[in-house]
Amino acid sequence: MRGGQRRGRPARRHRPLHPCDPSLARRPREGGCVSEAEREARRARLAALRASGIDPYPARVEPVERIAALRDRIGDAGAEDLEARVEPAAVAGRVMSMRSFGKLRFFDLVEDGRKLQASARKGEAPPAVLALLDQVDVGDAVRVEGTLWRTKTGELTLAATGLTMLAKSLRPLPEKWHGLQDVEARSRQRYLDLLVNEAARRTALIRSHTVRALRSFLDGRGFLEVETPVLQPLYGGAAARPFVTHLNVFDQRLYLRISDELYLKRLVVGGLDRVYEIGRDFRNEGLSRKHNPEFTMLECYQAFTDYNGMMELVEAMFEDVARSVLGQTRIEVQGREIELGGPYPRVTIQDALREACGVDILAAPDLETLRAAVRAVGLDPGDAPTWGRLVDDLFSEKVEPSLVQPTFVTDYPVELSPLAKRKASDPRLVERFELFVAGMELGNAFSELNDPDDQRARFVEQGRAAAEGDEEAHPMDEDYLRAIEHGLPPTGGLGVGVGRLVMLLADAPTLREVELFPHLRPEPPA
RNA sequence: GGGCGCGUAGCUCAAUUGGCAGAGCAAGGGACUCUUAAUCCCUAGGUUGUAGGUUCGAUUCCUACCGCGCUCACCA
């Protein structure tokens, strides 16, 4: 098939390239085919600045006041008041728009999301200011000093007596009315999204405030924030395929963690009885509205309690975080009202499925009888390979989407939960719950399995599943077993998907919207 | 990977049945001393995602490919 050789397509490489190989250089898509007029104009002004001895990227910035602080300071002081006071001010910011009237020019400065209008009047402003203003483009960072006045319309305005270029922008900002719409461009060039789309900025702030509120809540309850390894010789704590990497010095295979769980419980063994970690986990799996290959997980462990304690903890946590971030516990998520104030209803997975589709999973304790039971109620059992997976499939399809208000689903089958403690009343089940909100899993918790012999047996059982082809089976972890053989106190553990929590609080439809830099397909060569 | 949809100027979007590819913003030139989506006049900006095909003629119809979105599957 050499006949239709394509010129544009480079031959596929079969060997990995060194990261410095120039062929791997990222090439922004718009590279060659843009109209260059605007960038040439900006380049020309850059050159003009340099020609007149002005550094367009100076190292030093004279002191400035933050725009927010300035607005607080001035308040609603009136026009005459300001004129009488001759109020001086100096601010820095990005020029977001310019309006000129021949002899009077206005331009808007934005710094940390706050705007201040500046002005320069011919005959009033120093000639150097007016001359420099000719070289200023929308997008440039500048420092302005001058005196404050109010326009006829009451807008607080800084009449420039001094103007300094702080950073010349060589590319235009996106359209000022509609902002940047293209989903891909918004994700790839998040800085533009943040600059021109109010919602993007709001979401970023909500995320940061959420993490801060989580920390504050847990700190207030005596939890200790810790950091555990991201690079692990053995991954575990969740059902997922890992990323694999390599440590040269020991010629050692390492995995990027899929959860923090096993290390945090080692710390509980060590007497750090209340610990938490907020960190990135990595799962080598598909992307979706609710999944990113790397994501932020909060895990916390509390000794001398159990999954009931974790239910109370997470109820209090969500209520507290919502109040801290939004000032209220009632939120709207994709058009649906949700109340994050507890307590949340609790339902066993058995009851949930019995109600949703009339199947009693405990009355059908193996794959074949469960398949038959599912068919008996007119549903397709699909090709789930194990009983546990079929339960999971049924739940995901029939129950999960309907759980809009916060709901605890409890008492999972032991086969799905190799690290959770069995229920005393029914050894087929474990003391575990998952928290669902807006049809989405937000949290997962259990009474931690602290019987080392049972734990070993569970790992062995997982090994059998792995041998049967379950790529997500939990690996045997002798080092972890050694730790809990020293005695893990009764412990409740909780994991919360931070990004998903932010989706709720920011009313974002996808994880991609709350992830500043979501994973995207690599850009094609230009 | 399957299905559906989309891809037009830097950005946001039009283009009748297949008949000369347009507007606003941004840019360049000009007018204007209270605008804040300023306004007005002029100018420039395009291989319509790529490659083929049908046709006198393709942004429009067909095929393949690339990319994006939604969705299903995979997957927490």
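Below, read A as the first sequence line, B as the second, and so on, with proteins coming before strands; counting in each chain starts at 1.
Whole-Å rounding puts the A/D134 CG to B/G30 C1' distance at 14 Å. Spacing between atom CG of A/L173 and atom C1' of B/C11 amounts to 10 Å, rounded to whole angstrom units. The distance from atom CZ of A/R42 to atom P of B/G45 is 20 Å, rounded to the nearest whole Å. Per the geometry, CZ belonging to A/R289 stands 9 Å off P belonging to B/C70, to the nearest Å. One can place CD of A/Q135 at 14 Å from P of B/A27, the figure rounded to the nearest angstrom. Computed from coordinates, the A/R186 CZ to B/C11 C1' distance equals 14 Å when rounded to whole Å. For A/E40 and B/A26, the CD to C1' distance is 15 Å, given to the nearest whole Å. We find that CG of A/D393 is positioned 11 Å from C1' of B/A73, with the value rounded to whole Å.
Remark: the separation of the C1' atoms in B/G45 and B/U35 is 28 Å, to the nearest Å. Using P as the reference atom, B/A51 and B/U43 are 32 Å apart when rounded to the nearest Å. The separation of B/G52 from B/A14, taken at their P atoms, amounts to 29 Å, rounded to a whole angstrom. Taking atom C1' on both nucleotides, B/A23 is separated from B/A37 by 16 Å, rounded to a whole Å. Nucleotides B/C56 and B/G49, compared at atom C1', are 27 Å apart to the nearest Å.
Evaluation of A/F106 against the base of B/U35 yields a stacking contact (centre distance < 5.5 Å, interplanar angle < 30°).
For the pair A/R202 and A/E198, the salt-bridge criterion is not met [side-chain N within less than 4.0 Å of a carboxylate O].
Pair assignment for B/G46: none, as no Watson-Crick or G-U wobble contacts are both less than 3.5 Å.
Classified by interplanar angle (parallel below 30°, tilted 30° to 60°, perpendicular above 60°), the ring pair A/F408/A/Y344 is tilted.
The A/Q181 side chain lies nearest to B/C13 when the options are B/C13, B/G69, B/U35.
A/V110 has its side chain out of reach of A/L195: every pair of non-hydrogen atoms, C-beta onward, lies at least 4.5 Å apart.
In this structure, the side chain of A/S417 does not engage the main chain of A/V414 through any donor-acceptor pair within 3.5 Å.
In this model, a side-chain donor or acceptor of A/Q117 finds a partner on the base of B/U35 within 3.5 Å.
Contact annotation for A/S100: base contact, defined as any heavy-atom pair under 4.0 Å involving a base atom.
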